[in-house]
Each structure stands twice: as structure tokens, then as C-alpha cells.
Protein chains: 2
Amino acid sequence: MGIVERKEREKEEMRKLILEAAQKLFLETGFEKVSIRNIADAIEYSPATIYLYFKDKNELLYAIHNIGFQKMIEEFHPALSLADPFDRLVEMGRRYFRFAFENPELFDLMFIMNAPMDALACRDDIWDEGRSAFGLLVKCVQDCIDAGVFKYQDAEVAAIMIWSSVHGYTALFLRKRLDMFEESRRKELMEEAFDLFIKTIQKGL
Amino acid sequence: MGIVERKEREKEEMRKLILEAAQKLFLETGFEKVSIRNIADAIEYSPATIYLYFKDKNELLYAIHNIGFQKMIEEFHPALSLADPFDRLVEMGRRYFRFAFENPELFDLMFIMNAPMDALACRDDIWDEGRSAFGLLVKCVQDCIDAGVFKYQDAEVAAIMIWSSVHGYTALFLRKRLDMFEESRRKELMEEAFDLFIKTIQKGL
DNA sequence: TTGTTTACTAAACAGTGTTCATTACATTTG
DNA sequence: CAAATGTAATGAACACTGTTTAGTAAACAA
């Protein structure tokens with residue numbers, strides 16, 4: 001009796017259909033401006049149908065947030081295979097940057113917007129995606145410590161410091177808090193500031 | 001003929017009435033959950049009245065964002081009169097932190113939310129509040145350079161680096177991206193990471 | 001051919017920001 | 001003082017939003 005399996009497959013496909021339409025609309029138009037009705041229109045189903053596959057809008061956004069993490073991890077992969085741990089760290093920083101600039105809406109969803117965290121909170125679950133991505137950073141920092149690149153004792157604390165710094169630029173940039181610098185200079189300034197940070201932690205402590 | 005002046009005064013008072021009710025509601029309930037109708041109810045006027053004093057909701061949020069900056073500048077004042085420029089820098093960082101934790105909604109509005117920047121953008125104005133607050137930081141960094149505390153050449157680039165770092169913690173924290181650490185350890189970790197950053201830039205380069 | 005499960009939807013609910021014609025009153029003019 | 005003008009405030013609507021529910025039609029099982 002393959003019926004139940006076919007149904008499951010169809011259910012999965014429907015989820016995917018919704019998710020892909022939603023993602024497309026979101027990345028085109030921005031998350032703030034897309035409604036459940038828009039998504040329903042795009043896939044030619046009624047709005048109520050979406051609620052048969054996702055508890056609410058937050059849960060839908062959380063699912064897309066997950067896709068974002070998959071994509072990010074993929075793009076981090078080449079960096080992770082660099083031999084020198086410090087090179088690896090710098091490259092991870094650059095790729096965090098690049099991911100944010102090339103996928104501003106996805107990045108916003110993953111690291112700034114409230115919706116996905118609200119979804120997690122209301123079924124009090126933990127942010128596994130964030131945890132394991134952060135784990136990659138901690139591991140890299142630990143490798144740097146072990147290799148004697150810098151002399152921090154606590155890899156986790158150092159990782160938070162580094163993440164915060166790199167996240168700071170991107171968050172300020174994406175939420176238009178660096179628009180006071182003229183557009184041409186903006187990205188250049190950020191690059192310089194990032195390089196300065198790298199040089200500083202390399203020689204520091 | 002003092003009539004026109006009285007009218008102006010009344011207009012100003014009405015603006016203030018709206019602004020104060022709005023601020024109270026926003027800080028109590030969070031910006032996402034307060035509607036124009038809620039504000040109108042609180043001051044016992046019709047919703048349409050608010051639009052006689054503010055172009056739209058973004059403009060209202062921008063006005064509150066301004067109040068936030070006044071408050072922040074006030075709270076920065078004691079730090080600015082410290083003799084040693086590096087002490088000044090560290091104290092500014094700590095106060096940025098503290099302001100964010102004690103006024104999470106206001107901070108969010110000032111440095112994370114889109115609304116006030118959208119208000120600025122659609123009357124293509126520049127973010128003066130941010131500019132001048134950032135100016136304070138640049139000045140302090142320049143003083144540090146002049147005093148030989150660190151050897152950066154470009155105070156502005158160094159200031160962006162420092163701002164980004166401090167902003168990074170707070171933004172990640174406020175938007176619940178540090179909730180993967182248990183609550184008791186969270187703030188402690190941030191303090192440690194901040195101290196580590198301070199030590200690093202002090203000795204770096 | 002029944003009975004039951006499933007997938008879907010139309011319609012409604014309760015809210016949102018915003019606009020506009022109309023009212024009610026303060027001010028100025030004849 | 002009465003009539004004309006200006007203006008502050010609003011009721012009601014518009015076009016949305018996320019979400020729920022009762023009901024339908026098709027697919028499946030007996």
C-alpha cells in the first residue's frame with residue numbers, strides 16, 4: 001500500500017512549492033512587503049491552504065531562514081579547508097560579509113529579523129542553526145589559539161568578540177546606519193575597518 | 001496679535017501630547033504591537049487627528065528616535081569629560097551597552113529598525129543624529145591617536161571598527177541571536193568579550 | 001455502494017495604516 | 001452684532017493584513 005507514502009511525498013512537495021514561491025517573492029520584494037495572500041496567489045491556492053502546511057507566518061519565515069543557513073554553510077565550505085587557521089578565520093569573515101551583501105534579505109532574516117526567533121521561542125526550541133554555525137567559528141578560533149596565532153585563553157569568548165565585530169558592520173550597513181557616508185566610500189570604509197580589525201587581533205594580546 | 005502665537009503653542013503641545021503617549025505605549029508594549037489607533041485611544045482623540053501632526057507612522061517613529069538620541073547624548077556626557085582619552089573611549093563603549101540594555105526598545109528604534117531611516121529616505125534627508133553621535137566617537141579616537149594610545153592613522157576607519165564591534169554584541173543580543181547561551185552566562189560572556197576587545201585594541205598595532 | 005478521511009476553500013473576524021468629506025467651532029470681516 | 005471665512009477634529013470608508021472556521025468535493029476504505 002504505497003498510498004500513504006505517495007501522500008507524504010505530495011505533502012512534502014506542497015511544502016516545497018509554498019516555500020519556493022515564498023522565497024522568490026520575499027527575495028524579490030522584501031520580507032516586509034509580502035503577505036500570505038501574495039504567496040497564495042503566486043501558487044494559485046487559497047491563503048488558508050498555507051496554514052495547512054505552516055502554523056503561521058513566523059514558522060514559514062523560520063523555514064526560509066533554514067534554507068538561508070544551508071546556503072551560507074555551503075558558501076563557507078571552501079574557507080573551512082584552508083590550511084592555515086588564521087587564513088581560515090579571515091576568509092570566514094569575508095564570506096560572512098559577502099553573503100550579507102549578496103543575500104541581504106536572507107541575511108536579515110537569519111540574523112536581524114524577529115520573526116524566526118519568535119517562531120523558535122513560542123515552541124521553546126533552541127536556535128540549532130545559529131549554534132552549529134557559531135560552532136564552526138569557535139573551532140577555527142581554537143585552532144588559531146592552538147597554532148599560537150593569538151594567545152586568547154577562551155576560544156568561545158574570542159569567537160563572540162570576532163562574530164560581533166563582523167556582524168556589526170553588516171548589521172549597521174543593512175539597516176542603513178552607514179548611509180551617512182557617501183555610497184562610493186561606504187563599502188571601502190567597511191573593508192578598511194575589517195582589515196584593521198584583522199590586523200589588530202593578529203597582533204593583539 | 002498673539003493669537004497666531006498661541007495657536008502655534010497649542011500645535012506644539014498637541015505634538016508633544018501625541019509623542020509622549022506614543023513613547024509611553026511603545027516602551028511599554030514594544031513598537032511592533034502599538035497601532036495609531038492605540039495611541040489615539042490613549043490621548044482620547046481620533047486616529048485621523050494624529051495625521052494632522054505627523055505625516056505617517058514612520059515620521060512619528062522618527063520623532064521618538066530623536067528623543068532617544070537626546071537621552072543617549074545626555075547619558076554619554078559624564079564619559080566625555082574623562083581626562084584620559086582611552087578611558088573615555090572605554091566608558092563610551094560601556095555606556096552604549098548600558099543604554100541598549102536599559103532602553104532596548106529605544107535602542108532598537110535608533111539603530112536597528114527600518115522605520116526611522118525610511119522616514120529620512122523618503123524626504124531624502126541625511127541622518128544628522130547618527131552623524132553627530134558618530135562624530136563624538138571619531139573625536140575620541142583621534143584623541144587616542146594623538147595621545148599615542150594606539151597607532152591607527154585613520155581615526156574614522158578605527159571609529160567604524162570600534163562602533164561595529166560594540167554594536168555587534170548589542171544587536172545580536174537584542175535580536176535574540178545570543179539566546180543559545182544560557183541566560184545567566186549571556187551577559188557575562190558579552191562583558192568578557194568586550195573586555196577582550198578593549199585589551200586587544202589597546203595593545204594592537 | 002456505502003462510510004470515512006483528507007485537501008481545499010469561501011467567507012468571515014479582528015485588526016492595520018491612511019484618506020477624505022463633513023462637522024463644529026474660533027476668528028476675521030462687513 | 002451678524003455673516004463670512006478659516007481651521008481643528010472626526011466618522012466612515014478604503015484597501016490591506018494574519019488567521020480561523022464551517023462547509024464542500026474528491027479520494028480512499030469497507
Side-chain angles (χ1 to χ4, degrees), chain A residues 1-19 21-22 25-26 29-64 109 113-119 121-123, chain B residues 1-19 21-22 25-26 29-64 109 113-119 121-123:
Chain A
M1 204 192 290
I3 272 182
V4 58
E5 280 135 15
R6 194 206 66 207
K7 289 233 166 167
E8 237 162 67
R9 221 168 44 233
E10 281 174 355
K11 190 137 192 150
E12 202 57 43
E13 265 164 42
M14 187 65 174
R15 247 187 86 96
K16 216 172 153 187
L17 181 70
I18 296 171
L19 231 39
L25 279 176
F26 282 142
T29 330
F31 288 97
E32 319 264 72
K33 283 168 196 159
V34 177
S35 69
I36 297 286
R37 278 174 179 83
N38 295 154
I39 300 167
D41 283 353
I43 57 173
E44 297 178 294
Y45 278 83
S46 97
T49 301
I50 290 172
Y51 287 87
L52 300 175
Y53 297 87
F54 296 93
K55 196 185 132 272
D56 56 23
K57 203 187 181 185
N58 285 346
E59 212 69 48
L60 178 56
L61 286 170
Y62 175 74
I64 297 177
L109 186 63
M113 281 180 64
N114 287 316
M117 295 299 123
D118 289 349
C122 86
R123 51 176 158 97
Chain B
M1 204 194 288
I3 272 181
V4 58
E5 280 135 17
R6 195 208 64 207
K7 289 234 165 166
E8 238 161 67
R9 221 167 46 233
E10 281 174 354
K11 190 138 191 149
E12 201 59 42
E13 267 165 41
M14 187 64 175
R15 249 187 85 97
K16 217 172 154 186
L17 181 71
I18 295 171
L19 230 40
L25 280 176
F26 282 141
T29 328
F31 288 97
E32 319 262 75
K33 283 167 196 158
V34 177
S35 69
I36 297 287
R37 279 173 177 82
N38 295 154
I39 301 166
D41 282 353
I43 58 173
E44 296 178 294
Y45 278 83
S46 98
T49 302
I50 290 172
Y51 287 87
L52 301 174
Y53 297 88
F54 296 93
K55 194 184 134 275
D56 56 23
K57 204 188 181 186
N58 285 347
E59 211 69 49
L60 178 56
L61 286 170
Y62 175 75
I64 296 177
L109 187 63
M113 282 179 64
N114 286 316
M117 294 300 121
D118 289 348
C122 86
R123 52 177 158 95

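Computed from a prediction, not measured in an experiment: that's the story for all the values here. Side-chain atoms are counted along with the backbone in the values below, which use heavy atoms only and exclude waters and symmetry mates. Proteins get letters first, then strands, A, B, ... in listed order; numbering begins at 1 in each.
- The side chain of A/A48 lies closest to C/dT9, out of C/dT9, D/dG18, D/dA9.
- Rounding to whole angstrom units, CG of residue A/N114 and P of D/dG18 are separated by 16 Å.
- Contact of B/R37 with C/dG15 (side chain to base): no donor-acceptor pair of N or O atoms is detected under 3.5 Å.
- A/Y45 has no side-chain polar atom (N or O) that falls below the 4.0 Å cut-off from OP1 or OP2 of C/dA7.
- Dashed line: the shortest gap from a side-chain N or O of A/Y53 to OP1 or OP2 of C/dC8 is under 4.0 Å.
- A/I39 has its CD1 atom 14 Å from the C1' atom of D/dT19, to the nearest Å.
- Where A/K55 and A/S35 each meet DNA chain D at their nearest nucleotide, the meeting point lying more 5' is that of A/S35.
- Considering all non-hydrogen atoms of both residues, A/A63 and A/F54 come closest at CB-CE2, 3.9 Å.
- As a whole-Å value, the separation of A/E8 CD from C/dA7 P is 11 Å.
- Heavy-atom minimum distance, A/N114 versus B/E32: ND2-OE2, 3.6 Å.
- Atom CE in B/M14 sits about 14 Å away from atom C1' in D/dT7, given to the nearest Å.
- Taking both residues in full, the closest heavy atoms of B/Y53 and B/R15 are given as O-NH1, 3.4 Å, listed atom of the first, atom of the second, then distance.
- Among the nucleotides C/dA7, C/dG17, D/dA9, the one closest to any side-chain atom of B/L52 is D/dA9.
- Closest to the side chain of B/Y51, from the set D/dT17, C/dC8, C/dG17, is C/dG17.
- Closest to the side chain of A/I36, from the set C/dT18, D/dG18, D/dA8, is D/dG18.
- The separation between A/E32 atom CD and D/dG18 atom C1' is 15 Å, rounded to whole Å.
- When the nucleotides C/dT18, C/dC8, D/dT10 are ranked by their closest atom to the side chain of B/T49, D/dT10 comes out on top.
- Here the closest heavy-atom approach between residue A/L60 and residue A/L19 is recorded as CD1-CD1, 3.5 Å.
- The distance between atom CG of A/N58 and atom C1' of D/dT17, rounded to the nearest whole Å, is 14 Å.
- By the neighbour-count criterion of 12 heavy atoms within 6.0 Å, atom CD of B/E44 is sparsely surrounded, having that number or fewer from other residues, nucleotides or ligands.
- Nucleotide C/dG17 holds its P atom 12 Å from the CG atom of B/D41, rounded to whole Å.
- Atom C1' of nucleotide D/dT19 and atom CD1 of A/I50 are separated by 12 Å, given to the nearest angstrom.
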